[in-house]
Each structure stands twice: as structure tokens, then as C-alpha cells.
Protein chains: 2
Amino acid sequence: MSPEQPAEGTGKSLFSLQRRERLMEELRAHGAITVRGIAAKLGVSELTIRRDVNLLADEGLVSRVHGGATLPSPLDRSGAAGRPPQHSYSIGMVVPSLDYYWPQVISGARAEAEEQNLRILVRGSAYDAADNRRQVQALLDTQNIDGLIVAPDMTGERGQELLRWLNALPIPVVLAERRSPVENPAHRLEWVATDHAFGAGMAVRHLWQEGHRKIGCLADSSSPTTPHVVRGWRQAMAALKIPVEGSVHEDSAKLDNGDRAAHFDHVLELCKKTGTTALLVHSDTQAVAFVQHCVDKGVQVPGDMAIVGYDDEVAYLAEPAISAVRPPKQYVGKVAVQLMAARLAEGRMRPVHRVELNPELILRESSIGAPRVPATGVLQESL
Amino acid sequence: MSPEQPAEGTGKSLFSLQRRERLMEELRAHGAITVRGIAAKLGVSELTIRRDVNLLADEGLVSRVHGGATLPSPLDRSGAAGRPPQHSYSIGMVVPSLDYYWPQVISGARAEAEEQNLRILVRGSAYDAADNRRQVQALLDTQNIDGLIVAPDMTGERGQELLRWLNALPIPVVLAERRSPVENPAHRLEWVATDHAFGAGMAVRHLWQEGHRKIGCLADSSSPTTPHVVRGWRQAMAALKIPVEGSVHEDSAKLDNGDRAAHFDHVLELCKKTGTTALLVHSDTQAVAFVQHCVDKGVQVPGDMAIVGYDDEVAYLAEPAISAVRPPKQYVGKVAVQLMAARLAEGRMRPVHRVELNPELILRESSIGAPRVPATGVLQESL
DNA sequence: CGCGTTTTGTTCGAGTCTGATCATTTATGA
DNA sequence: TCATAAATGATCAGACTCGAACAAAACGCG
């Protein structure tokens, strides 16, 4: 017989399965193939290719056409054979906390996963890159994960290293409440995050409309969202022409529990000195503690000091109830799963998506009503 | 060998199924097609197109009209299937062009709308706020619109005014390829846009990897996407430590057609003077014209001058074919409709979504291969 | 080493897609 | 209203593709 030298680089003949793999590869690369062309390329007869095509068509992996095959098309109504590809995927999810903030994110993710017929495996982690990686690795090792939703620690060189590692994983990755930095170019990481800066701005504008003209910010830089909140506060202050320099901007990060009361006293002192009548307090829990402290010290809320919290986890528990910015936590989880499901379904033809969500401002007692003690200077030019 | 001589850019002939898909795509993009036009475009006889149209009409996917076909219309009572079209909602869509860029966005939107069982009404407009508003108003007046997808002109005070007006409309609004400005606070406008800055950066980094060390930018500031492209170019240059000051950055906005050749000469002159060996050219069409000009003047592409275009509308037509950044136009339309559908379904409990999509870099001949004439100074430290 | 099974190749008649011609129908303008 | 030009569909022919039947080779196995 004529020693059919496959035009293929390897002079070796392929097994039928490999051949069909190659066929699908060509198909994905070019969108369509001709029986003749592929037969020549793989060094087999056309009939063989036809048989392969028939086989693949029966599985719904290609659409048969006269002279070749194309990617499955909706116009091809031979696909009467229901949907055997009930191939449900498993998604791993690694979050930095299982008590605060994240339960709602997980809940939203779970609901959407059920909708999309996906399985979700959640793992808690610490707020630190090394442990993030450990947890992800554990998921990859023990479970059969098709995709990963993760909220990693991104600070420092370890954080960047972790990001690169995630980016190089063979499965799709979606960040939740984290943004892949723009400087890092080739990132195929997708993400969904709340626009915390917008939320902080909303709070500041609300306080301004209530008549406050000195608005401070009490933050806790140990959280990844803090920088965004502070940035939003700054931007809003600038937009409202309030000088940031003279405003209270304290950070409670490095305090032990023992020092907390002292620190709050210090903050109240500062407020009195600068005439600040309103505070945006990052992290709800801190806001609750601060309001408690104010009440203890006889500082009226909101009369002497208006408070808006951030996160809205426990703000409603305080007395008086605290107004708070509420990130759409459920939706963060939901969108993360949607992104993942779409990515798994559509493959890499789908462009990288990045989604920002706006938070909501929940008004309660702690910020409603004009300040009792008007600040210095101009006032009552409300709106 | 195929007997036919397709007029298609790719010398490949299409299978019937692909042909019908192309037909549906054109249909979704323009709302209607002529048998003659499509036959010419696909390089087949008119009879063949007629047969395709008949076939698609039998499935209810198109409405036959004399001389061509349109999207299925309720007025066409040939619908043997008798499927109640059950248009849950109607969406208005106003885009600034029906010839360039936007047909593909519309096509993606239409395909998704079909999926979601929505009706889409498209109107073309001029690139100017007043006409944008007129077209939107016309849609609101004459049709029963439940939502609006629009790509308005946002420049100047008129643009801001238009945005405020859109924001105040009683129906949900999604911007396509536009971003609501952050300064404007209470915006409930949602949007989906391509990250053009990322695209430009991708192009610059590609040219850098090919060995270019002086990379210019030829822009056309009359387009809304130009600022983003230029910003991306700047950022990438900064990241690669290429001084922007000495680099070519020209703008062809205010030139008449007559001056074009002169301007291109001027640009080439500048490149020679500064040692620039690669250019990112905004708007594909301009890139094609520029490459043509280079060839006419004996400037080798990519040998003397590497080119990357932006938009990838006509880049493949040039000789040599031009590498280009391709925004995910279909997906912009698709995501816009998804956002709208979700908004209509979920109401205002749903948080405001904002989506960014990454473009893709399509490599062709015009940018591949190291520069023949090395730039001044350091070189060949190619990664 | 020989056998059966599986996979691949060849031949050839039937089937399918495409294009050309021409009579008929339809849209458009005077 | 009629006339003209264009679009349409039927029919036929040519080229190509498809699938069945049979033949040959490769592989697994005892």
C-alpha cells in the first residue's frame, strides 16, 4: 500500500480518540472544518473522518454539514436528543471569615448555584495570603474543582505573588470583593466587588444634607475594604469642598481591646476640638461600640454626634439604631457564581468580565436630624 | 477545489450552515437584508440566498419580504408555527452609528434579546447629545418602551445635561460603551463598557515584546473612545519606562480629507525624527489608510513601521493585514441586554451593576517581527 | 503463531448542494 | 390604471459529497 505519510509532524498514526481530539481542536480554532482538509492534515481517509464526524455529531459536539462540520449551531435542528450534558460543575469558594460579612455572600452564592445546578464547596480562611493559598490548595487537592471563587489577601508582595499564582491556575478564578490591580497587565482574573468608595461618598453626602459641615472618618485599616472607604470619604469631602486636613481621620487598627475606650475618648476629644458633628465609622461593629461609648459618656446620638456605620451587619442592634451603608453582599456572591457559570459554559471565547456593584444607604436613627450644636461658620444652606 | 470564488476576505468558502448563521448575524445587526447584498457579501449566487431565506422563514426565524428578509415581524402572518411571541418587555436601543462598530453590538444584543424573549427597537443617532435625546424621546413617544439601552454623547455641558435627563427617566437605563462619571453621585445608571485603556496597553506591551522601544500613538479625538485609548497608551508607556514626552502622539481629529495625506507625511516625518518604529493607531479605518500611505511611500510595514489598529472592523482588509485590538462588541450588546433583563425582572432591589469587559488582541502581519532599524540607544533587551 | 475483533481504506451508486435559464409574479413609478 | 423593471420559483444539469458493502490491515489474545 502507499505508505500514507501523515502530513502530521509525528510520523506516527493516531488513535481514533486522539484523532477526534485533534478534529475538535481544529474545529474550535477555525469554527469549521472540511472533511477533505482534515483528512489530508491527519493523513487518514475521508471516510474515516466522516465516521468521526458522525460520532461527534451524535454526541452533539459538532454540527454536520455537507462537506464537513461546524461548531454546534442553534440553526442545526438535528439536536433533538435532549441534553445529556447535565455535566454539573463544582466550584470552590475560599472566604476570609465565616462569621462576619461573608455568610451573606455565601448565601447569595449558594442560592445562585442551586439555580444554575452547580455545587459549591466553601472553606474559611484567615485574612492572610499564606493561609489563602493553603486553603485553595487543599480544595484543589481533595476535591474535583472546576472553578474557584476567592477573596484573597492582596497586601504586600505575598499578596501579589498569590495573585499571580491564582492567575496561573488551570481553572477559572473569580475574585469576590477584590479587584485585580490594573498595573498587573495580563490578568485573566475576573472579579465582582462592591464600590465602597461610592458607599462612603453616599454616607458623607447624606450627612451633609442633614446639615453637618464637619464630617470625620473613623476607620480600621486592618480590613481590605478600608482604603476604599477612606478614598470615597476623601473624594466626597473634596466634592463638597470640605477641607480634609482639618477633619478627623482616625485609625483604630493597632489598638488592643484594652485601649479601645481610651481611643474613643481621644476621638471624641478631637471631634470637640475641630467642631466635627458627624462620623463615618468603618465596620459596623466598631460603630456599635462607639455609639455605646458615646451614650455612656453622655454624648447624644445623633444630637451631638451623628454616626453612619459601614457594612450593616449589626448596626440595627445598637441603641439608637445606626444608619449604615449596606454592601449588596448577597449579590456579590450571586454575581460571582454567575460569572463562574458563564465562564465554565462559554470557555475562553468569553471576554474577561469585571463587575462593580453599588451599595445602599440604610437610614436609621443615628444620623437623622440636624446637629444640635451648629458647626462654626456658614450653615443651613441645605441641599 | 471549490468551484466558487467567494468575494469574502478570507478565501474560504462557507458551509451552508455557516452561511445561514452569517445571514442571521447580518440580519440581527441591520434589522433587514437584501438578497443581492448578502449574495455579494458571501460570494454566492442570489438563488442560494433565496433558498436560505426560505429555509429560515419556514422555521420562523426571518420574515420574507420582496427583495430580502427582515427580522420576524408580528405583521407577517405566515408563521405556521403559531408560536405566541409573548414579548414580555420592549427595550429601546439608541446607538450613534449603524455602519461602524455598532452593528455588532446590536447583533449581540438582538441575539441575547431573542434568548430572553425581549423585543428590541433600534434607532440610529448622530454623535451628538441633542440628537441622542431626540431619538430617545421619539422612542418613548411612539413605542411602549420598558427599558432603554443607549450610547450617548457625554461631552460638554450638554452631555452632562443629557445624562441627568436619562438618569431621571422613569424606566431603567443601561449605557453601552459609556461610563457614568464618578463625580456625578446619585447615578442609578448602569453600564457595560470595554476597557479600552487595557486594550491599548495590551497593544503597547505586544509591540514592546516584538522589540520596539519607541512606540507612538496616532489618535482621532473625535471619537468617545479615544481618551481611553490614549490613557491606556500613556499608562503602558509609563509602566515600560518609555518617556511619553519624546514620543509621537498625533491627533487627526480636525483634519479634512484633503489634508490627510499631508498629515500622514507629517507623522512619518515625526517618527523618523524621534526614531519611532511602531504606532498604535486609533480607529481601524485610519490604520488602514495609514498603512496604505506607508506602502505608497515605500515605508515597509512592519519592517520600518509596525502598526496596531484599534476596533478591528476592517483591519483584516489591509495589505498587509493589520494587527488590531478587538473590543468584545457582541458581548457589549449581550451584557447590556442581560443587565436590562435582570433589572426589569428584579426591580430596584437589585443593586446597580457596572461591567467592564476586556478586549482581545488579534495578531496579524503588520506588527510581527522585530524592527528592521533598531531604535537609538539600548535595545535587544527583549524580555 | 493463528484467530477473531476492531479499525481503516476503496469503489461506486445515490443523494445533495449549487448555479443557470426562463416563465411568472410582484413592486414601483408615470 | 397600466407599464416597466425587478424579484421569484421551477426545472435541469453539473460537481461534489455521502454511505453501504466489501476488502485489507492492525491489534489483542490465547
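Sequence lines set the chain letters: A, B, ... in the order given, protein chains first and strands last, and positions in each chain run from 1.
A side-chain donor-acceptor contact under 3.5 Å links B:Ser367 and B:His206.
Taking atom CG of residue A:Asp52 and atom P of nucleotide C:dG9, one finds them 10 Å apart after rounding to whole Å. The separation between A:Arg19 atom CZ and C:dG9 atom P is 8 Å, rounded to whole Å. As a whole-Å value, the separation of B:Leu55 CG from D:dT8 P is 16 Å. Note: CZ (B:Phe15) to C1' (C:dC17) measures 12 Å, nearest angstrom.
Among the candidates B:Glu177, B:His282, B:Arg178, the single residue satisfying the side chain to side chain donor-acceptor pair (under 3.5 Å) test with B:Thr225 is B:His282.
At distances below 3.5 Å, at least one donor-acceptor pair connects side-chain atoms of B:Gln18 with backbone N or O atoms of B:Phe15. A donor-acceptor contact shorter than 3.5 Å is absent between the side chain of B:Ser366 and the backbone of B:Pro302. No donor-acceptor pair under 3.5 Å is formed between the side chain of B:Asp312 and the backbone N or O of B:Ala324.
A salt bridge is absent between B:Arg110 and B:Glu114; no separation between the charged side-chain nitrogens and carboxylate oxygens falls under 4.0 Å. Here B:Lys334 pairs with A:Glu346 in a salt bridge; the nearest charged N to carboxylate O distance falls below 4.0 Å.
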*Would you check, one step at a time, whether the test side-chain hydrogen bond (donor to acceptor under 3.5 Å, both in side chains) holds for B:Asp99 with B:Ser97?*
CA-CA 6 Å; B:Asp99 321 313; B:Ser97 162; 4.5 Å; no
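An OP1 or OP2 oxygen of C:dG9 is reached within less than 4.0 angstrom by a side-chain nitrogen or oxygen of A:Thr48.
With the end axes of the helix from C:dC1-D:dG30 to C:dA30-D:dT1 each set by five pairs, the angle from one to the other reads 40° at 10° resolution.
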*Taking protein heavy atoms under 4.0 Å as touching, what does nucleotides 17-22 of chain D look like 5' to 3' if B marks base contact, S marks sugar-phosphate-only contact and - marks none?*
SSS-B-
